[in-house]
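Take a look at the structure set out below.
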Amino acid sequence: MTNPHHRAVPGRIRQQAQRLLRRVPGIDRSGLRQALLQDAAFDADLLDSIPVDGSTIEFCAVVVSRCVRHHHASGTEPPLASILRAAVELVGSPLDGELLALAQEITAAGSEGSEDRTLDDFLDELGLDRHAQASPYTQLTSVFVPPQQYDDIAATLERHHVVFIVGDPHVGKTFTAVELLWKLYSRSGFSPSWVNSQQLSLTLSTSQGRFEDRLAKLFPNDQAIYLEDPFGATVPVDMPEFITNLRRFLDLVAARRCRVVVTSRSTVFDKVIIDSFATYTITLSQRLTVEAAYTTAQLNEIAERYIACYRPRWSPVPPYVVTRITKALPVPHNVELFIRNTRDIPEVEEALARLPGYRDVSSEFGRQVRLLPLVEQAFLYLVATLSSEYVSGHTVRRLFDAAVRDCEFGHAGVISFDMALDSLHDYVLWHGTPAGGYHALRHPSIEEGLDRCIRADPQLTEVVRRLARRMADNNDVGVRSAALRGFLRHADLMWTAPWGQRVFREFLDAPDVTIRQASRNLLISDFGNVPASARIPLLNYIEATWNERYLLRLILIAPVAEPWRERILGRLLDTWDDWVRFRVARNLAHLFKDPPNDPAVRRLLNDPTRQIAKAAAWELLDELARHPSAPNWQAIRLLRDTGLATTVPEIAHHLGVLLTAVRQTSAEIPADLLPLAMASPTDPDRSTSEAP
């Protein structure tokens with residue numbers, strides 16, 4: 001890569017630039033916005049990444065965010081300075097002096113050179129609060145100890161431009177990802193970005209033709225992007241298409257000037273990816289496990305660094321104390337939590353007596369949350385729930401203060417959003433975004449601990465129900481979507497509330513199309529959380545009200561029991577909607593236990609729409625290709641009996657290639673299939689990617 005000229009713009013300047021741009025006359029009109037961007041002479045990558053619609057506040061925030069993250073060649077003006085000067089030249093206003101003065105300040109800061117990239121600059125660009133005491137990232141350069149696989153991870157990232165860090169909870173996946181971004185930023189000038197993982201899920205489910213455009217906007221050149229567990233939010237309507245798009249994602253990223261780091265818990269990654277994609281991703285994934293990520297010496301070094309960072313009152317300590325800590329807590333996050341939370345204990349033995357409580361981080365967080373006042377527990381629930389949809393901090397503030405005003409937490413005393421945030425600074429972190437930013441819990445284990453409290457404390461359970469009802473009534477799409485996520489996470493508690501079923505159905509059949517689609521997709525992805533007692537009435541309701549396209553997605557993803565699964569599949573096969581039947585044909589392996597012997601598959605192979613029949617045939621061929629040493633003769637006979645093996649040239653060719661390979665391995669071919677094996681038609685193009 002070229003050596004880009006780039007330096008983080010301080011948060012003070014970013015905020016001032018946004019305020020000034022919002023005051024530019026005519027900035028509320030899309031035509032002037034487009035003219036302003038063109039007058040700034042941005043390159044194509046930057047110009048294409050800035051939408052000209054939306055509110056004035058959002059537009060100005062996106063402009064500033066994109067400009068400060070964009071690399072520019074040495075000797076050229078920073079993009080943010082260019083847009084400020086363009087505002088002066090294009091419209092002219094009483095702001096001329098302020099706009100030009102800020103542009104000069106930005107240019108002067110950029111001329112200092114890119115070799116002086118600081119950790120504060122990095123955290124500013126990544127949108128993390130560099131003053132947060134609870135943030136481990138503020139001490140990144142002091143406490144990070146690379147896992148044993150770090151060199152392999154970095155090499156994979158450099159070679160392929162993408163790496164999957166897969167592993168157990170608490171072993172340091174996120175910390176390692178952020179360290180990789182820091183190295184890319186400080187050494188090579190890649191602008192760091194912590195991307196909304198749901199955006200990747202949506203992109204991977206995008207139809208052909210739009211996929212490349214969405215990918216280019218999501219992963220611009222000269223950026224290092226971190227995606228945290230994107231596969232947990234994936235609800236593909238077509239698994240083969242999703243896998244195909246994932247392959248294309250890897251190929252396209254490899255061809256761009258960007259780096260992508262993806263982390264995922266092993267259980268999620270293996271469930272979504274490995275079964276269908278193992279041969280392709282195995283070289284791109286590196287696993288961090290409790291047993292293999294760190295040596296004893298590395299764990300001891302991690303403990304020593306955290307002791308030096310937090311300076312607990314019981315320190316300094318001899319080496320054997322450090323060994324006791326790491327032997328009891330063999331993963332970095334547990335070590336960090338123990339040292340930080342015992343820093344006010346004066347005697348080392350008293351601190352060590354608490355070691356057993358930190359073996360299960362979620363349990364320890366649950367113990368801590370139980371000691372908090374009810375209003376602060378409710379605050380954590382709001383933050384955890386609303387951060388799932390990246391709801392802005394301003395909106396969370398309004399919801400919390402309104403709930404306090406309406407006494408939904410009982411007699412909470414004098415309390416406000418800012419007071420609660422200050423009291424809970426060890427649990428909550430700020431993530432900046434182009435639209436402003438949002439608060440989130442510092443680690444998923446805090447939410448797991450909070451869940452235990454919600455289920456164990458009837459008073460907190462009732463407060464959570466009230467907050468869920470309040471969020472469900474909100475007009476903001478993000479708030480309502482987050483409310484449904486929270487509803488599903490605690491479905492067993494919500495369903496038993498007098499209003500639970502009604503609110504649930506209000507979500508699923510909301511007049512607003514966006515809410516309705518989001519609600520149904522969330523239900524499909526989180527259907528496993530719905531209590532068993534609620535599934536029967538819910539499935540009856542779904543079967544009676546949903547169309548075939550949503551029903552297809554439901555049985556592809558959700559654990560739908562018989563007889564609903566059988567009835568829904570029969571309905572999908574009988575539908576007039578060719579698109580649905582085509583998707584069923586494309587997902588034979590996921591929908592049928594034994595496709596060659598299922599009468600429904602024969603129906604698809606004989607479907608009057610030729611494209612559907614061919615899609616089903618290709619799925620059978622793909623299944624045969626996965627097991628070439630043990631061919632499924634019943635599947636081959638099925639292709640022969642339906643005529644596809646002899647009347648469709650491309651299918652005949654690939655079946656002939658398969659049978660030729662079988663003959664070369666000396667496997668015996670049944671006599672009735674020998675005519676197929678002898679056939680050797682030409683090799684036409686395979687073309688089943690488009691639905692009817």
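The shortest non-hydrogen separation linking A17 to V64 is CB-CG2, 4.1 Å. Here the shortest heavy-atom pairing between D509 and R520 reads OD1-NH2, 2.7 Å. Across I345 and A351, no two heavy atoms sit closer than the pair CG2-N, 3.9 Å. The nearest pair of heavy atoms linking V143 to C309 is CG1-CB, 3.8 Å. Scanning both residues, I568 and I555, for their nearest heavy atoms gives CG2-CG2, 3.7 Å. What you find for S315 and I307 is that their closest heavy atoms are CB-CG2, 3.7 Å.
When only modelled atom types and interatomic distance are considered, Y310 and E336 share a side-chain donor-acceptor pair under 3.5 Å. Counted by atom type alone, Y226 and T174 present one or more donor-acceptor pairs between their side chains at under 3.5 Å.
A distance of 7.0 Å separates OH in Y137 from CZ in F175, rounded to the nearest 0.5 Å. Expressed to the nearest 0.5 Å, how far CG of D121 lies from CH2 of W182 amounts to 8.0 Å. The distance from the NZ atom of K327 to the CZ atom of R324 is 10.5 Å, given to the nearest 0.5 Å. For the atom pair S193 OG and L227 CG, the distance stands at 8.5 Å (nearest 0.5 Å). Once rounded to the nearest 0.5 Å, the distance linking OG of S392 with CZ of R397 reads 10.0 Å. One finds the CD atom of E389 at 12.5 Å from the OG1 atom of T395 (value rounded to the nearest 0.5 Å).
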- Test F122 against L181 for side-chain contact (heavy atoms from CB on, under 4.5 Å), laying out the working first. CA-CA 9 Å; F122 171 74; L181 264 61; 3.9 Å; yes

- Message: side-chain contact (heavy atoms from CB on, under 4.5 Å), that's the test. Do I325 and L352 meet it? Break it down for me.
- Response: CA-CA 7 Å; I325 294 172; L352 293 175; 3.9 Å; yes

- Query: Stepwise, does the side-chain contact (heavy atoms from CB on, under 4.5 Å) test hold for L424 with V383?
  - Reply: CA-CA 11 Å; L424 297 168; V383 168; over 6 Å; no

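Here the side chain of W314 pairs a donor or acceptor atom with the backbone of T342 at under 3.5 angstrom. Here the side chain of T176 pairs a donor or acceptor atom with the backbone of G172 at under 3.5 angstrom. The backbone N or O of V171 sits less than 3.5 Å from a side-chain atom of Y294, completing a donor-acceptor pair. Checking side-chain atoms of S481 against main-chain N and O of G478 turns up no donor-acceptor pair under 3.5 Å.
With sequence neighbours left out, D344 forms a side chain to side chain contact (heavy atoms under 4.5 Å, CB included) with no residue at all. Shown here are the side chain to side chain contact (heavy atoms under 4.5 Å, CB included) partners of N547, two or more places apart in sequence or in another chain: R549, Y550. Every side chain to side chain contact (heavy atoms under 4.5 Å, CB included) that R535 has, sequence neighbours left out, goes to F527, V530, P559. Shown here are the salt bridge (charged side-chain N to carboxylate O under 4.0 Å, His left out) partners of R367, two or more places apart in sequence or in another chain: E364. Residues forming a salt bridge (charged side-chain N to carboxylate O under 4.0 Å, His left out) with R19 (at least two apart in sequence, or on another chain): none. Considering only residues two or more places apart in sequence or on other chains, F365 meets the ring pair (Phe, Tyr, Trp, His ring centres under 6.0 Å) condition with none of them. W564 meets the side chain to side chain donor-acceptor pair (under 3.5 Å) test with N540; sequence neighbours excluded. Not a single side chain to side chain donor-acceptor pair (under 3.5 Å) links R313 to another residue, sequence neighbours left out. Take Y358 and apply the ring pair (Phe, Tyr, Trp, His ring centres under 6.0 Å) test, not counting sequence neighbours, and it matches F338. Take E347 and apply the side chain to side chain contact (heavy atoms under 4.5 Å, CB included) test, not counting sequence neighbours, and it matches E350.
Ring to ring, F400 and H439 are not that close: their centroids are 6.0 angstrom or more apart.
Shown are R452, R485, R489; of these, the salt bridge (Lys or Arg N to Asp or Glu O under 4.0 Å) with E447 is made only by R489.
Annotation: side chain of P312 is in contact with side chain of I339 (closest heavy-atom distance under 4.5 Å). At a threshold of 4.5 Å between non-hydrogen side-chain atoms, the residues V62 and P51 count as touching. Between L337 and N334 there is no side-chain heavy-atom pair separated by less than 4.5 Å. Between V396 and Y438, the closest side-chain pair of non-hydrogen atoms is not below 4.5 Å. At least one side-chain heavy atom of I542 sits less than 4.5 Å from a side-chain heavy atom of L523. Q18 has its side chain out of reach of I57: every pair of non-hydrogen atoms, C-beta onward, lies at least 4.5 Å apart. Side chains of I225 and Q223 form a contact here, defined as non-hydrogen atoms less than 4.5 Å apart. No side-chain heavy atom of V262 sits under 4.5 Å from any side-chain heavy atom of V166.
More than 12 heavy atoms of other residues, nucleotides or ligands lie within 6.0 Å of CD in E462, so this atom counts as buried by the packing criterion. In the displayed structure, R311 atom CZ is contacted under 6.0 Å by at most 12 heavy atoms of other residues, nucleotides or ligands.
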Which pairs of donor and acceptor atoms, one on a side chain in residues 370-380, lie under 3.5 Å apart (sequence neighbours left out)?
| residue | atom | partner | partner atom | Å |
| --- | --- | --- | --- | --- |
| E376 | OE1 | S423 | OG | 3.4 |
| E376 | OE2 | S423 | OG | 2.8 |
| Q377 | NE2 | V369 | O | 2.8 |
| Q377 | NE2 | L372 | O | 3.3 |

Which side-chain N or O atoms in residues 463-473 pair as donor and acceptor under 3.5 Å with protein atoms at least two apart or in another chain?
| residue | atom | partner | partner atom | Å |
| --- | --- | --- | --- | --- |
| R465 | NE | L493 | O | 3.1 |
| R465 | NH2 | L493 | O | 2.8 |
| R465 | NH2 | T496 | OG1 | 2.9 |
| R466 | NH1 | E408 | O | 3.2 |
| R469 | NH1 | D473 | OD1 | 2.6 |
| R469 | NH1 | D473 | OD2 | 3.2 |
| R470 | NE | E408 | OE1 | 3.3 |
| R470 | NE | E408 | OE2 | 3.3 |
| R470 | NH2 | D406 | OD2 | 2.7 |
| R470 | NH2 | E408 | OE2 | 2.9 |

